[in-house]
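For this chain, numbers begin at 1 and follow the sequence in order.
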Amino acid sequence: MAFRPLHDRVLVRRIEAEEKTAGGIIIPDSAKEKPSEGEIVAVGSGARAENGTVTPLDVKAGDRVLFGKWSGTEVKVEGEDLLIMKESDLLGVIA
């Protein structure tokens, strides 16, 4: 990918939610919520402290993460819908 986020920001691709419930009911597109799970595509170099030192991020490209419902800014990069958000907007990494 030709895009690299700056500082403590990450680029996230949403992972689509299941189209069926556990009981086999198919969920129509109009009833689906945007998924709050994604895969990190690219990360910035890290947060810069006041004294100039750079603290690297805890996540890396390829990690599956959870984020808040309204987190991030939607952008289109190379024709793909992605999210840019700060590392602090991430809730956790899925092992």
Side-chain angles (χ1 to χ4, degrees):
M1 175 155 298
F3 182 85
R4 183 180 59 86
L6 297 175
H7 307 295
D8 63 340
R9 289 181 173 79
V10 295
L11 188 65
V12 178
R13 175 184 303 121
R14 287 187 194 267
I15 297 175
E16 293 302 320
E18 292 291 322
E19 303 211 359
K20 285 186 182 180
T21 64
I25 298 172
I26 297 174
I27 302 169
D29 287 338
S30 60
K32 286 184 188 174
E33 289 188 16
K34 289 185 178 180
S36 60
E37 183 178 333
E39 177 184 358
I40 299 207
V41 177
V43 297
S45 57
R48 186 172 303 275
E50 289 182 20
N51 63 5
T53 61
V54 176
T55 305
L57 301 180
D58 289 333
V59 295
K60 61 187 179 310
D63 284 350
R64 288 177 61 125
V65 294
L66 291 176
F67 49 87
K69 189 173 188 173
W70 306 107
S71 297
T73 302
E74 294 184 1
V75 294
K76 190 169 272 217
V77 178
E78 297 177 356
E80 186 176 9
D81 290 328
L82 301 170
L83 290 167
I84 295 177
M85 63 183 72
K86 287 191 169 235
E87 184 188 33
S88 60
D89 290 340
L90 299 175
L91 303 175
V93 178
I94 300 172

If you measure from [atom1] on [X] to [atom2] on [Y], what distance do you get to the nearest 0.5 Å?
X: L83; Y: R13; atom1: CG; atom2: CZ; result: 11.5 Å
X: D89; Y: I84; atom1: CG; atom2: CD1; result: 12.0 Å
X: L82; Y: R14; atom1: CG; atom2: CZ; result: 10.5 Å
X: L11; Y: E39; atom1: CG; atom2: CD; result: 10.5 Å
X: K69; Y: L91; atom1: NZ; atom2: CG; result: 13.5 Å

>> Taking I94 as the starting point, is it possible to reach V12 by hopping between hydrophobic residues whose side chains are less than 4.5 Å apart?
In response: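 No: no chain of side-chain contacts under 4.5 Å links V12 to I94.
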> Is there a path of hydrophobic side-chain contacts, each under 4.5 Å between heavy atoms of I, L, V, M, F, W or Y residues, that connects L66 with V93?
Replying inline: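 Result: no, two separate clusters.
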> Mind checking who shares a hydrophobic cluster with L6, ILVMFWY linked at side-chain heavy-atom distances under 4.5 Å?
Replying inline: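 Listed partners: none, L6 stands alone.
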> Run the side chain to side chain contact (heavy atoms under 4.5 Å, CB included) check on F67 and V10 step by step: do they pass?
Replying inline: CA-CA 12 Å; F67 49 87; V10 295; over 6 Å; no
> Between E80 and V77, does a side chain to side chain contact (heavy atoms under 4.5 Å, CB included) hold up when you go through it step by step?
Replying inline: CA-CA 5 Å; E80 186 176 9; V77 178; 5.8 Å; no
>> Testing the basics here: between M85 and L90, what is the closest heavy-atom pair and its distance to 0.1 Å?
In response: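 It is SD-CD2, 3.6 Å.
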>> If you compare all heavy atoms of H7 against all heavy atoms of L57, which two are closest, and at what distance to 0.1 Å?
In response: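 Residues H7 and L57, closest heavy atoms: O-CD1, 4.4 Å.
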Mind listing the side-chain donor-acceptor pairs of residues 58-65 below 3.5 Å, one per line with the distance, residues two or more places apart or on another chain?
{"from": "K60", "atom 1": "NZ", "to": "D63", "atom 2": "OD1", "distance (Å)": "3.1"}
{"from": "D63", "atom 1": "OD2", "to": "K60", "atom 2": "N", "distance (Å)": "3.0"}
{"from": "R64", "atom 1": "NE", "to": "E37", "atom 2": "OE2", "distance (Å)": "3.3"}
{"from": "R64", "atom 1": "NH2", "to": "E37", "atom 2": "OE2", "distance (Å)": "2.1"}

